[in-house]
Amino acid sequence: MRVLITNDDGIDSPGLHALARGARDHGWDVVVAAPEREASGTSAGLTAAEDDRRVRVTRQELPGLPDVPGFAVAAHPGLIALVAAQGAFGDPPDVVLSGVNRGANVGRAVLHSGTVGAALTASINGARAMAVSLDVPLGEGAEHHWDAAVAVATQLFDRLAALPPGAVLNLNVPNRPGAGEPKRASLAEFGAVQSRVKDTDDGSIDLTSVLVEGDLPPGSDAALLAEGHPTVTPLRSVSEDTGLDL
């Protein structure tokens with residue numbers, strides 16, 4: 001399998017490197033192309049850094065991956081997935097793995113995630129895709145168990161490869177070793193963490209992340225992840241709503 005590894009945390013993210021090592025060790029033909037700097041919250045945006053729509057690409061050696069081509073790209077992950085499908089980094093990928101993201105991507109808010117946006121963009125361009133996220137807590141100082149997320153993702157690699165082109169999985173893993181097998185989960189209406197607006201004195205908008213109080217929907221990705229289970233949710237990209245009568 002020809003596999004593209006990307007993310008929205010940037011080319012220097014240890015989660016990206018861990019996922020690339022996992023895919024390489026699985027025997028896949030891996031290439032890494034990721035934003036040159038953090039691009040979180042960009043959904044499936046196609047923004048490029050250059051005014052004339054040319055996209056700056058720089059070869060970059062990746063830690064512990066001397067045999068894996070690496071590219072730092074001045075663009076959002078959605079654009080990276082799009083141009084990869086058109087042969088920008090070699091043959092178009094059969095599989096796109098996006099992550100490992102720093103922080104969970106659960107509930108309908110996955111719409112805004114650059115990690116998930118790259119996977120959905122890959123899917124409408126003919127690849128199978130999986131977004132992988134690690135549920136690290138709010139605040140600083142927590143140890144990030146990247147290899148735990150990769151260990152769970154590896155359990156799904158062969159199943160992902162056997163799915164039809166265009167299939168998308170969204171995987172979330174608790175931030176602890178030995179997380180176990182992923183459970184199929186529904187997509188929650190909202191996640192355990194949400195953004196809130198704080199008023200400021202200078203006329204700007206200040207966003208903060210807060211924990212949501214109350215019970216989460218049983219069986220949802222947000223609820224099962226909060227209980228300590230890895231969750232996997234199949235997603236569908238943009239499609240016509242044939243049930244809406246106009």
Nearest heavy-atom neighbours spanning [X] and [Y]:
X	Y	answer
Ser220	Ser186	CA-OG, 3.3 Å
Pro92	Gly87	CG-N, 4.3 Å
Gln60	Ala72	OE1-CB, 3.5 Å
Thr6	Pro35	OG1-CD, 4.3 Å
Leu97	Trp28	CD1-CZ3, 4.2 Å

- Item | Sequence neighbours excluded, every pair satisfying salt bridge (charged side-chain N to carboxylate O under 4.0 Å, His left out) that has a member inside residues 12-30 |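 Counting only pairs at least two positions apart or across chains, the salt bridge (charged side-chain N to carboxylate O under 4.0 Å, His left out) contacts touching residues 12-30 are Arg2-Asp29, Arg24-Asp67.
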Side-chain polar contacts of residues 157-171 - donor-acceptor pairs under 3.5 angstrom, sequence neighbours left out - could you list them?
| unit_1 | atom_1 | unit_2 | atom_2 | d |
| --- | --- | --- | --- | --- |
| Asp158 | OD1 | His26 | NE2 | 2.8 |
| Asn170 | ND2 | Asn105 | O | 2.9 |

- Count the heavy atoms of every other residue, nucleotide or ligand shown that sit under 6.0 Å from CD of Gln86, and state whether that count exceeds 12.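 Above 12, so yes.
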With a 4.5 Å cut-off on side-chain heavy atoms, are [Y] and [X] touching?
X	Y	value
Pro174	Leu225	yes
Arg56	Glu36	yes
Val100	Asp9	no
Asp135	Asn172	no

Without placing hydrogens or testing angles, list every side-chain donor-acceptor pair under 3.5 Å for residues 227-246, not counting sequence neighbours.
| unit_1 | atom_1 | unit_2 | atom_2 | d |
| --- | --- | --- | --- | --- |
| Thr233 | OG1 | Ala185 | O | 2.9 |
| Asp241 | OD1 | Gly243 | N | 3.2 |

- For the side-chain contact (heavy atoms from CB on, under 4.5 Å) test, which of Asn101, Val110, Thr121 pairs with Val116? Val110
- Task: Only one of Leu65, Leu16, Val96, Val31 passes side-chain contact (heavy atoms from CB on, under 4.5 Å) with Ile5; say which it is.
- Result: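 Output: one option passes, namely Leu16.
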- Task: Quick one: do Phe71 and Ile11 satisfy side chain to side chain contact (heavy atoms under 4.5 Å, CB included)? Show the steps, please.
- Result: CA-CA 8 Å; Phe71 301 91; Ile11 191 70; over 6 Å; no
- Let me see the working for Asn7 and Thr115 under side chain to side chain contact (heavy atoms under 4.5 Å, CB included), right down to the final yes or no. CA-CA 5 Å; Asn7 73 349; Thr115 303; 5.6 Å; no
